[in-house]
> 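Here it is: the structure, laid out below.
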Amino acid sequence: DAGVTQSPTHLIKTRGQQVTLRCSPKSGHDTVSWYQQALGQGPQFIFQYYEEEERQRGNFPDRFSGHQFPNYSSELNVNALLLGDSALYLCASSPGLGQGLSLHFGNGTRLTVT
Amino acid sequence: KQEVTQIPAALSVPEGENLVLNCSFTDSAIYNLQWFRQDPGKGLTSLLLIQSSQREQTSGRLNASLDKSSGRSTLYIAASQPGDSATYLCAVSLSGGYQKVTFGIGTKLQVIP
């Protein structure tokens, strides 16, 4: 039973560039959330997707956008990269939108912006 | 705005000790609370999920308690082992909306053989 998978594992980009990160949810899960974790900090909620729509969004600028595909996989796009966007980006999945559900995380994508 | 605080920020104990990690949150209107473990450079592994109607959950050597009215949770680790060394994160999900989760910064635990 495959868990949450994320690609790539590491990425180096230059300021001003754009980046796309990918996530495949755990089998049987249809809801995907994205988190940003800066070094030494807890994960910060970016947004959540369900039925191919953004359902909830955290305090992140419009440079951060996403998409969910019919097979429930998801992409996180970040435009006009800033040095401060350097972080571990985590994807989490759950079976539906119910609040009582446990989140399952992938191993993340480490993004470095130079 | 929900804020989650974890104390201590770091902890170093000899192998075999029992230990307690603390988590506090400012808004008691939570739906559930989840404890995670994170190894360096890795993702999060769910340890225990406590619904707001529950007082505690147990899994093996781990026991988590929840006191919603006081805004506190504790994670108790019995007979600690070097393999328990990791960062432990507490996360709360607020009521009244979709699964928007707020995390603490975590407690970095080192168990010394």
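Sequence lines set the chain letters: A, B, ... in the order given, protein chains first and strands last, and positions in each chain run from 1. Heavy-atom basis, side chains included; hydrogens, waters and symmetry copies ignored.
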> Just wondering, are more than 12 heavy atoms of other shown residues or ligands nearer than 6.0 Å to CZ in A:R57?
yes

> Any pair with a residue in residues 61-90 of chain A that passes salt bridge (charged side-chain N to carboxylate O under 4.0 Å, His left out), sequence neighbours left out, goes on the list, sorted by first then second residue, please.
A:R22-A:E75, A:R63-A:D85

> Measuring heavy-atom distances to chain A, does B:Q38 have an atom under 4.5 Å in its side chain, in its backbone, in both, or in neither?
side chain

> Sort A:Q37 into side chain, backbone, both or neither according to what part of it lies under 4.5 angstrom from a heavy atom of chain B.
side chain

> Report which part of B:L44 has an atom under 4.5 Å of a heavy atom belonging to chain A: side chain, backbone, both, or neither.
both

> Step through the shown structure and confirm whether more than 12 heavy atoms of other residues, nucleotides or ligands are within 6.0 Å of CG on A:L82.
yes

> Using residues 21-30 of chain B as the side-chain source, report each donor-acceptor pair under 3.5 Å to any protein atom, sequence neighbours left out, with the distance given to one decimal.
from  : atom 1 : to    : atom 2 : distance (Å)
B:T26 : OG1    : B:Q2  : OE1    : 3.3
B:T26 : OG1    : B:E3  : N      : 3.0
B:D27 : OD1    : B:A29 : N      : 2.9

